[in-house]
Amino acid sequence: MSEKYNFRTVEKKWQSFWDENGLFAAHDHQDNKYYVLEMLPYPSGRLHMGHVRNYTIGDVLARYKKTSGYNVLHPIGWDAFGLPAENAAIERKSHPAHWTYENIKAMKAQLKSLGFSYDWKREIATCDPEYYVHEQKMFLDFLKVGLAYRKESTVNWDPVEHTVLANEQVVDGRGWRSGALVKKKKLSQWFLRITDFAEDLLSGIDELVGWPEKVRTMQRNWIGKSYGAEVEFKTKDNTLSISVFTTCPHTLFGASFLVIAAEHPVAQGLKGRKDVREFIEECSRLGTSEKALETVEKKGIDTGIRVVSPFEPTREIPVYIANYVVADYGTGAVFGCPAHDQRDFEFAQKYNLPIRQVVQPLVAEETNLTQEAFTGDGTMIHSDFLNDLLVEEAKKKAIERIESLNLGKGITTYRLRDWGVSRQRYWGCPIPIVYCNDCGIVPVPESDLPIRLPEDVSFDKPGNPLDHHPTWSKTICPKCQKPARRETDTLDTFFESSWYFFRYCSPKALSAFEKSVVDDWCPVDQYIGGVEHAVLHLLYARFFSRALRHCGYTTVREPFKALMTQGMVCHETYKTKEGKWVAPDDIHKKGSKAFHLKTQEEIVVGPSEKMSKSKKNVVDPEHIIQEYGADVARLFVMSDSPPEKDLDWSDAGLQGVWRYLNRLWQFVKEAGQREEKVLVLDDMTPIFQNAYRLTHKTIRWVTEDFEHYHFNKAIARLRELSNALFALEPKNDFEKDVVWFSAKILCQLLAPIAPHFAEEAWCTLNGKEVKTISEFGWPRANPSLIEDDHMTLAIQVNGKLRGEITLSKEASEAEIEKQACALEGVQRHLEGRSPKKIIIVKNRIVNVVV
RNA sequence: GCCCGCUUGGUGGAACUGGUAGACACGACAGACUUAAAAUCUGUUGACCAGAAACGGUCGUGCUGGUUCGAUUCCGGCAGCGGGCACCA
């Protein structure tokens, strides 16, 4: 057995070669541009499999496009602000900046060792003042045009730590570190008016044909445009009026109660009552997440208030305060129609409220209104002037009547809410605002930017370090020069990731970016990242493009022309008995049980979930790179699963990839170094003809697979070709020329996925190192070698396979019928009967029906 | 709870716009080489039935019903799993 393929030397050699020759530098203002981008990584400290998968997909694409002649922009950077850095500061006493930059250093080394074709000259870190200074300017510009404003909103408050908690940090209604019961608290915060663009963001989705349909649907649903009515419900004596938004005004005759949120002014006004006070208190422990709100057991409390049903002046219905009403959506009050809304149905059952059916199902299907609500289409009943109308018409007519009676109006609403960007945290971009006792809210003058984060902060005290820093927030009012106080909130980290793809185009610009360069490079031709970002990040980035365009920064409307959402890399989760997460690296398994490597404590094995830092179920790719090299890791993550599908991690198969590359290496060495010759098909034996044809077919297949991102299929094709070539036994120079040619093609097709290997093999086959493999261009298939002159037809009797025939492509239908019926397997199943019908699908099947 | 997906051999997956289900790989088993093991090479491998073997037969794409000459693919219902739900990124 000859020597193994030495990946250590080879990978180092080619990484420095690419680097020294500046092979991956993108050139501004050139034709044939292709911008490929992977989602900005958070520098958690180590690469995980999700990263490797994400960046390999991007790199294969970037290399394939570059080889095909495109001027490729393929940048990378760091989403460097965020909560984990502060947690590290609290837990390990390391400064967030120090922790972050150390992580970046480590992860950058890992990325480099994987041989990704990034233009490293364009690297950015969002925590760098040279980056965030521009978003401070953007914030001021947004403020000028009214896209940024201040309002009150509700947060999760940890009363022990005096901090705002992320929904993720609320576990069973308690703060994750303190264990204290969480309370809702109102804070005055900064918002961006994303709702101004709701309609444009919605209609823009239609143009995003390069996006997965599911993401487009999710975005449409998130924006949630709906047409309905705002209706006033008044008390009999007209002293109180509650405005209600509904998308079902046609069911007003079925209304049997009104529910309002605990935050609703009417509810707040009843706080004098002990039971109301207690109930509001209970609601405030629910937290701010929509999920908590909707899964909680539906509860309410009767206010004693009675309002009149708008269309029926004599009918009064009760008003309840309920825990399942969203305060920030619509008016924070809804009317309950238990017959036709499931939540209202449950509420009505619990409090014995009447269930009044007003929609009759179209089909006389069995609707059991004692069991559940009916929410389908139908005709109106028990509804006076709406009777016998279809739901759609009834809705229109109801709105007309509401407007003519002056009880309200028809309105279009969106589920989308304005984007709250204030965070009560240290490790984020400071908001450039000063609060002055005399002048109020004063923007920091642009000449004073950037407002830098102070470095001397302490995380010993609870709360935001910026808040209790002795001097940082003390400043002078830019207007009146009297002492004033800085805004101590920082920006949401989604702010950074909403425009970084513009910065990559001109990363050293003194402004945020150069308009002409951005207009050239953008939109991003292919964006690649996890589905988990399908709504928020992608919507915010789309909003930013519009907002920045509005402020004159760019002309780009949609930032991402095509989107590929890779599936998540999942892994089993592990927890100690106390519920602390444990990493797979710290576990050893005995049968179905798992134990901690250090403490030997038994570990609870949980379901396979998305690999994430917080659950610690991450697999470190480092040992794969160390043991097998970058190409094996790259080939492996691309091999089996299609990119958009979730991947349940397992180590099985790594060995197989390693064996394959070694086998291929031997093959390349045997093929050796030869001269380019003209190959003539007619001179070959059938075996070599087939191999030669297969080589050309593989070029076509792999190219098509790359175009459609079916990398796993491309690899299967390459394995197929490899298997065919390995089996050849060339006996003379001519046959060796065929093998040599095929070996070269194989290397070129493999190059985007396993670039180090391909470069080295290319040298072995060509005997020179003057160019890299990508500079030879992407191979082209000879179409005349791909078409076969015969076809294989599967023969069915009544849809069941009974045989197969091979005949010329020119064969007539009569000929096909004759041959098919003559088959022994067909005759046997005809059992003497004559065919009723024969269906012929060219190139595929013949179905004989009896 | 709401929105969006996914479900094919022991495993990952393939099957182009409804047309031969299981390409390619992993694992397993058997054999060759070896004193032995590793490595490597060769072969078998959806389940069941029948058979000495060859040739065969039935079932089979989460479950269930439908459309069709023909359904993994289209439609209805159900189940299980995953993602998102606005302060994790």
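Convention: sequence-line order gives letters A, B, ...; per-chain numbering from 1.
Proximity note for A:S641 (side chain, C-beta onward) versus B:G57, B:G13, B:A89: the nearest is B:G13. Side-chain proximity of A:I839 to the nucleotides B:G84, B:U20, B:C69 is greatest for B:C69. Among the nucleotides B:A15, B:G1, B:U20, the one closest to the side chain of A:T295 is B:G1. Distance from the side chain of A:K837 is smallest to B:C69 among B:G19, B:A89, B:C69. With B:C87, B:C85, B:U20 as the choices, the nucleotide that has an atom nearest any side-chain atom of A:I845 turns out to be B:U20. With distances taken from any side-chain atom of A:N847 to the nucleotides B:C88, B:C87, B:G19, the minimum falls on B:G19. Here the side chain of A:A166 is nearest to one of B:G19, B:G57, B:C87, namely B:C87. Closest approach to the A:K291 side chain among B:A25, B:A89, B:C85 is made by B:C85 (side chain taken as heavy atoms from C-beta onward). Side-chain proximity of A:D79 to the nucleotides B:A89, B:A39, B:C24 is greatest for B:A89.
Counting non-hydrogen atoms under 4.0 angstrom, A:H829 reaches the backbone sugars and phosphates but no base. Using a 4.0 Å heavy-atom distance criterion, A:T217 is classed as a sugar-phosphate-only contact. As judged by a 4.0 angstrom heavy-atom cut-off over every strand, A:H533 is placed among the base-contacting residues. Contacts of A:R425 with the nucleic acid, taken as non-hydrogen atoms under 4.0 Å apart, include base atoms. Across all strands shown, A:N156 has no heavy atoms under 4.0 Å from either base or sugar-phosphate atoms. Within 4.0 Å of A:Q424, counting heavy atoms only, lies at least one base atom of the nucleic acid. The residue A:V848 sits apart from the nucleic acid: no heavy atom pair falls under 4.0 Å. Nucleic acid contact class of A:Q796 (heavy atoms, under 4.0 Å, all strands): base. Within the 4.0 angstrom heavy-atom criterion, only backbone atoms of the sugar-phosphate kind lie near A:R828; the bases stay farther away. Contact annotation for A:W222: base contact, defined as any heavy-atom pair under 4.0 Å involving a base atom. Among the protein residues, A:P41 comes within range of no part of the nucleic acid, since none of its heavy atoms lies under 4.0 Å from any strand. If you check every strand for non-hydrogen atoms under 4.0 Å, A:E804 touches a base. When heavy atoms are screened at a 4.0 angstrom cut-off, A:R802 is found touching the sugar-phosphate backbone but no base atom. A:S497 comes within 4.0 angstrom of no nucleic acid atom, judged by non-hydrogen atoms across all strands.
The base of B:C24 has none of its N or O atoms less than 3.5 Å from a complementary donor or acceptor on the side chain of A:R717. Residue-to-nucleotide contacts include no donor-acceptor pair under 3.5 Å from the side chain of A:N221 to the base of B:C3. Judged by distance alone, with hydrogens and angles left aside, A:D640 brings no side-chain donor or acceptor close enough to the base of B:G13 to form a pair under 3.5 Å. On a pure distance criterion of 3.5 Å, no polar donor-acceptor pair joins the side chain of A:E290 and the base of B:C2. Counting atom types as modelled, A:Q189 pairs a side-chain N or O with a base atom of B:C87 as donor and acceptor under 3.5 Å.
Between A:R423 and B:C87 there is a side-chain polar atom (N or O) within less than 4.0 angstrom of OP1 or OP2. An OP1 or OP2 oxygen of B:C59 is reached within less than 4.0 angstrom by a side-chain nitrogen or oxygen of A:K800. Residue A:N712 places at least one side-chain N or O under 4.0 Å from the OP1 or OP2 atom of B:A14. OP1 or OP2 of B:U7 has at least one side-chain nitrogen or oxygen of A:K645 nearer than 4.0 Å.
The residues A:R150 and A:E487 are annotated as salt-bridged, a charged nitrogen and a carboxylate oxygen being separated by less than 4.0 angstrom. Between A:K713 and A:E704 no salt bridge is recorded (no basic side-chain N to carboxylate O distance below 4.0 Å). Using a 4.0 Å cut-off between charged nitrogen and carboxylate oxygen, A:K184 and A:E263 count as a salt-bridge pair. Look at A:E213 and A:R220 and you find a salt bridge, because one of the NZ, NE, NH1 or NH2 atoms lies within 4.0 Å of a carboxylate O, short of that distance.
Counting heavy atoms from C-beta outward, A:N87 and A:W176 have side chains that approach closer than 4.5 Å.
The separation of B:G10 from B:U45, taken at their P atoms, amounts to 15 Å, rounded to a whole angstrom. When the P atom is compared between B:A15 and B:U72, the two are found 15 Å apart, to the nearest whole Å. Taking atom C1' on both nucleotides, B:G18 is separated from B:U67 by 11 Å, rounded to a whole Å. When the C1' atom is used for both B:U11 and B:G22, the distance is 13 Å, rounded to whole Å. Comparing B:A54 with B:U42, their C1' atoms sit 23 Å apart, to the nearest whole Å. Separation of the P atoms belonging to B:G82 and B:G12 is 15 Å when rounded to the nearest angstrom.
Across every strand in view, B:G1 sits in a pair with B:C85 that passes the Watson-Crick or G-U test at under 3.5 angstrom. Across the strands present, B:U20 finds no partner; the criterion is a Watson-Crick or G-U wobble pair with both atom distances under 3.5 angstrom. Across every strand in view, B:C6 sits in a pair with B:G80 that passes the Watson-Crick or G-U test at under 3.5 angstrom. B:U40 is paired with B:A32 under the criterion used here, namely a Watson-Crick or G-U wobble arrangement in which both key atom distances are under 3.5 Å. Remark: B:G51 base-pairs with no nucleotide; criterion is Watson-Crick or G-U wobble with both hydrogen-bond distances under 3.5 Å. Using the Watson-Crick or G-U wobble rule with both distances under 3.5 Å, B:C74 pairs with B:G66. Across all strands shown, B:A14 forms no Watson-Crick or G-U wobble pair with both distances under 3.5 Å.
Nearest-nucleotide assignment on RNA chain B puts the 5′-proximal partner with A:R659, out of A:R659 and A:V535. The nearest heavy atom of RNA chain B to A:N798 and to A:G803 marks one nucleotide each, and the one closer to the 5' end goes with A:G803.
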Under the ring-ring contact (aromatic ring centres under 6.0 Å, His included) rule, what do A:F495 and A:F544 come out as? Steps first, then yes or no, please.
CA-CA 9 Å; A:F495 210 103; A:F544 245 70; 4.9 Å; yes
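Using modelled atom types and a 3.5 Å distance limit, the side chains of A:E720 and A:W701 yield no donor-acceptor pair.
Between the side chain of A:R423 and the main chain of A:T490, no donor-acceptor pair closer than 3.5 Å is present.
One distance of note links CG of A:L654 with CH2 of A:W658; it measures 11.5 Å at 0.5 Å rounding.
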